[in-house]
Amino acid sequence: MTNPSIPPQNIQPVDVDVKKRELHGWQYWIVAALALSASVFHLYTAVFGLRSAMYQRSIHWLFMGALMFLLYPISKKRPKNRIDWWDWIFAALLIVGCLNIILNWETITMREGAPITSDIYLGSMMILLVLDGTRRSMGLPLPIMATIAMIYAFLGPYFPGILAHGGFALDEIAPFQYLRTDGIFGVPLGVSASFIFLFVLFGAVLKVSGAGQFFIDLSIALTGKSRGGPAKAAVVASALMGTVSGSSVANTVTTGAFTIPLMKTAGYSSEFAGAVVAASSTGGQVMPPVMGAAAFIMAQFLGISYWEIVVAAAIPAALYFFSIWAMVHFRAGKKGIRAMTNEEVPPIWPVLREGWHLLIPIITLIGFLATGYSAVKAVFWSIVCLIGASWLGEKKYRMTPQRILNALIDGAIGAVDVAAACACSGIVIGVIGITGVGLAFSSFVMSLSHGILPLALLLTMIGSIILGMGVPTTAQYIITSTLAAPALAQMGVPMMSAHLFCLYFGVLADVTPPVALATYAAAGIARSNAMKTGFTALVVAVAGFIVPYMFVYNSYLLFQGSLIKIIIGCATAFLGIIGLAAGVQGFFVTHLPIWGRAALLAVPFLLIHPTLIANVVAVAIVAFMFITQKRRASRVVSPILENTEQQ
């Protein structure tokens, strides 16, 4: 959405959404006013306290839902420069549905859930509006899933076995979805209304301040002179962007536009360059503190503090990114890819001197969370800190009133997609709650796995990947954790481990063909074959398929247990990741023979369920391979040195 009267800032966009309208004139100003009002409302409640659940969520959805219909046309064929008349009507109807709750909530509560005719009509209308709006903004997968859930609610008696239930009529399901905190206005939308919006706003302010380019420059300065520097820069940049980004695709577009051409110039193939960015950007969704906004919902589901989620997720995220780092390092050695030259790498100190102030708000955010501040207060004061810190840097970074205004508008617009996903996934959650299918799914997994935990984990992994295909991170986690996590918990898996397990495999759907959204975005930038890039990304991200099994069996990786055991657990896990990366790439100190690759590939599997014997064997394998590889490399290098001296 642009307006000619506001001059563009000298920054790179976080995401290019071709589905959104590009509005001008009075239509732009109406949408901008709605977006600005939404930001002001959320900042106000961050300072003076959140409203009660249904008021906060209804006001939030009033703004987000209206913006959804005004920003996204009904189909790709519609003009992008104006709002169709029917979209004004849809936006107005959604506002009416929200205002009914805001203005009449006390009367509604006095009825104690007994619906009247208007509840049925307004509930049916809201369900249809949520489905259509989410289709426009997020695509078909999530609305299809929600539609299937509704059909299941209606036709329960016709389903076989444990899936059967009594069925619900429209006059029961519509008010349930509309007027309960179990449906559309359930926990997902509540988290969007309280936490997620503010973090998206924080990311928008960072974007406007020029942090995206600074993160890329800093990554190149830190890694460019090492072997495979451009690819390592992509990994670091994606990790940094992942700390505040809520979308693997947005992360891919932002960092990939710069790092993919660098990797191709250095000698990496187009498919591998795209795969590295896709895998790294997808990993950004499990990178604290934001974790694709799933961390906030996880804290609500588990009834624990948000900071506990951030701490628990830190080591698994580090293992994931370290694995990709190791992959590109060994790949560079295998292909003889050079490091970047001094002319290509910006000096670290000038980069830090120019943009050091952009690190202050992120450090402040983590500091506030670590000292016990609520996520709402922490992100609010981090936004304030960012605006203040921007004046410590060069003029191009300063948050002028116009830039602040742009950030407030862009932040609200950026939150629309997540809010739509939360509202639509609320429909699925509502059906799961009213029909009891969650318990049925748990029974199904228990029955099919015969109580064998590894088999139950494998089934949950497959189910989470399938359910996560084409669905944004927030909705991925909500759906997979609601269905699958209780089954794992019944088998003795700690709830934290079970929920993180579901999150990881839901997120990995973004690099799992055939529906691999991050891979397609990266392939477009790399000009590579999308399917080849997808399978390459699957190989690059292979640690993501092993790390969740590690922390299920080894709670030390979630910072649970004594410090000594955490250190030992982490050390062996990182050793396993090194073995995995070297085995996959066929290179350690030098090229690996087949038996060497097989031995190193066995290391991470030995460490999934660590015992003293398994740890000793894993360390012995890596040490033996390192020593033999060093000797082999020296035998190759020595003759070369002798010939050079003779010449």
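All residue numbers in this chain count up from 1 along the given sequence.
- In this structure, Ile260 and Tyr268 have side chains that are not in contact, with every pair of non-hydrogen atoms separated by 4.5 Å or more.
- The aromatic rings of Phe574 and Phe322 sit perpendicular, their planes meeting at an angle over 60°, well past the 30° parallel limit.
- Atom CD1 of Ile383 sits about 5.5 Å away from atom CG of Leu198, to the nearest 0.5 Å.
- Side chain of Ser425 to backbone of Ala421: a donor-acceptor contact under 3.5 angstrom is found.
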### Message
Pair Val584, Phe330 - check side-chain contact (heavy atoms from CB on, under 4.5 Å), show working.
### Response
CA-CA 9 Å; Val584 167; Phe330 294 137; over 6 Å; no
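- Distance check, rounded to the nearest 0.5 Å: CZ of Phe202 to CG of Leu386 gives 6.0 Å.
- Here the side chain of Lys630 pairs no donor or acceptor atom with the backbone of Val589 at under 3.5 angstrom.
- With sequence neighbours excluded, no residue forms a ring pair (Phe, Tyr, Trp, His ring centres under 6.0 Å) with Phe380.
- Residues Ile577 and Val603 form no side-chain contact, since every pair of their non-hydrogen atoms from C-beta on lies 4.5 Å or further apart.
- In the model, His329 has a side-chain atom that pairs as donor or acceptor with a side-chain atom of Lys232 under 3.5 Å.
- No donor-acceptor distance shorter than 3.5 angstrom exists from the side chain of Ser281 to the backbone of Ala278, with no hydrogens or angles considered.
- Closest of all the heavy-atom pairs between Val511 and Ala541 is CG2-CB, 4.3 Å.
- Rounding to the nearest 0.5 angstrom, the gap separating the CG atom in Leu538 from the OG1 atom in Thr519 is 8.5 Å.
- Phe321 meets the ring pair (Phe, Tyr, Trp, His ring centres under 6.0 Å) test with no other residue; sequence neighbours excluded.
- A search for side chain to side chain contact (heavy atoms under 4.5 Å, CB included) contacts involving Pro494 returns Ser497, not counting sequence neighbours.
- Here Glu271 pairs with nothing under the salt bridge (Lys or Arg N to Asp or Glu O under 4.0 Å) rule; sequence neighbours left out.
- Not a single ring pair (Phe, Tyr, Trp, His ring centres under 6.0 Å) links Phe535 to another residue, sequence neighbours left out.
- Met263 places a side-chain heavy atom less than 4.5 Å from the side chain of Val277.
- Of the possible polar contacts, none joining the Thr282 side chain to the Ala279 backbone as a donor-acceptor pair under 3.5 Å is found.
- Annotation: side chain of Ile348 is in contact with side chain of Leu218 (closest heavy-atom distance under 4.5 Å).
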Counting only pairs under 3.5 Å, give me each side-chain donor-acceptor contact of residues 498-506, with atom names and distances, residues two or more places apart or in other chains.
residue	atom	partner	partner atom	Å
His499	ND1	Tyr477	OH	2.6
Tyr504	OH	Pro316	O	3.4
Tyr504	OH	Ala317	N	3.2

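- Ala573 and Leu607 make their closest contact through N-CD1, 4.5 Å (heavy atoms, listed as atom of the first residue, atom of the second, distance).
- With hydrogens and angles disregarded, a donor-acceptor distance shorter than 3.5 Å links the side chain of Lys264 to the backbone of Ala526.
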If you look only at distance, which donor and acceptor atoms sit under 3.5 Å apart when one is on a side chain in residues 452-468 and the other is two or more places apart or in another chain?
residue	atom	partner	partner atom	Å
Thr460	OG1	Ala456	O	2.8
Ser464	OG	Thr460	O	2.9

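- Shown here for Ala537 and Ala275, the closest heavy-atom pair between the two residues is N-CB, 3.3 Å.
- For the residue pair Met495 and Ala489, the shortest heavy atom distance occurs at SD-CB, 3.2 Å.
- Side chains of Phe214 and Leu359 form a contact here, defined as non-hydrogen atoms less than 4.5 Å apart.
- Evaluation of the side chain to side chain contact (heavy atoms under 4.5 Å, CB included) rule for Ile627 yields Arg631 as partners, not counting sequence neighbours.
- No side-chain heavy atom of Arg632 sits under 4.5 Å from any side-chain heavy atom of Phe588.
- Considering only residues two or more places apart in sequence or on other chains, Ile360 meets the side chain to side chain contact (heavy atoms under 4.5 Å, CB included) condition with Trp356, His357, Thr364, Cys385, Ala389, Leu392.
- By the ring pair (Phe, Tyr, Trp, His ring centres under 6.0 Å) test, Tyr553 is found to be paired with His609, residues two or more places apart in sequence or in another chain being considered.
- Residues Ser449 and Met491 approach most closely at OG-CE, 4.1 Å, considering heavy atoms.
- Interatomic distance, Gln300 CD to Ile309 CD1, rounded to the nearest 0.5 Å: 10.5 Å.
- Annotation: the span from Leu606 atom CG to Thr572 atom OG1 amounts to 11.0 Å, rounded to 0.5 Å.
- When side chains are defined from C-beta on, Arg331 counts as touching Phe272, because their heavy atoms get closer than 4.5 Å.
- Between Thr482 atom OG1 and Ile297 atom CD1 the span is 9.5 Å, to the nearest 0.5 Å.
- When every heavy atom of Leu580 is checked against every heavy atom of Pro604, the shortest pair comes out as CB-CG, 3.8 Å.
- For the pair Ile304 and Met496, the minimum side-chain heavy-atom distance is below 4.5 Å.
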Taking only distance into account, with no hydrogens and no angle test, what donor-acceptor pairs under 3.5 Å do side-chain atoms of residues 554-568 form with protein atoms, sequence neighbours excluded?
residue	atom	partner	partner atom	Å
Asn554	OD1	Tyr556	N	3.2
Ser562	OG	Lys565	N	3.4

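- Ser194 pairs by the side-chain hydrogen bond (donor to acceptor under 3.5 Å, both in side chains) definition with nothing, not counting sequence neighbours.
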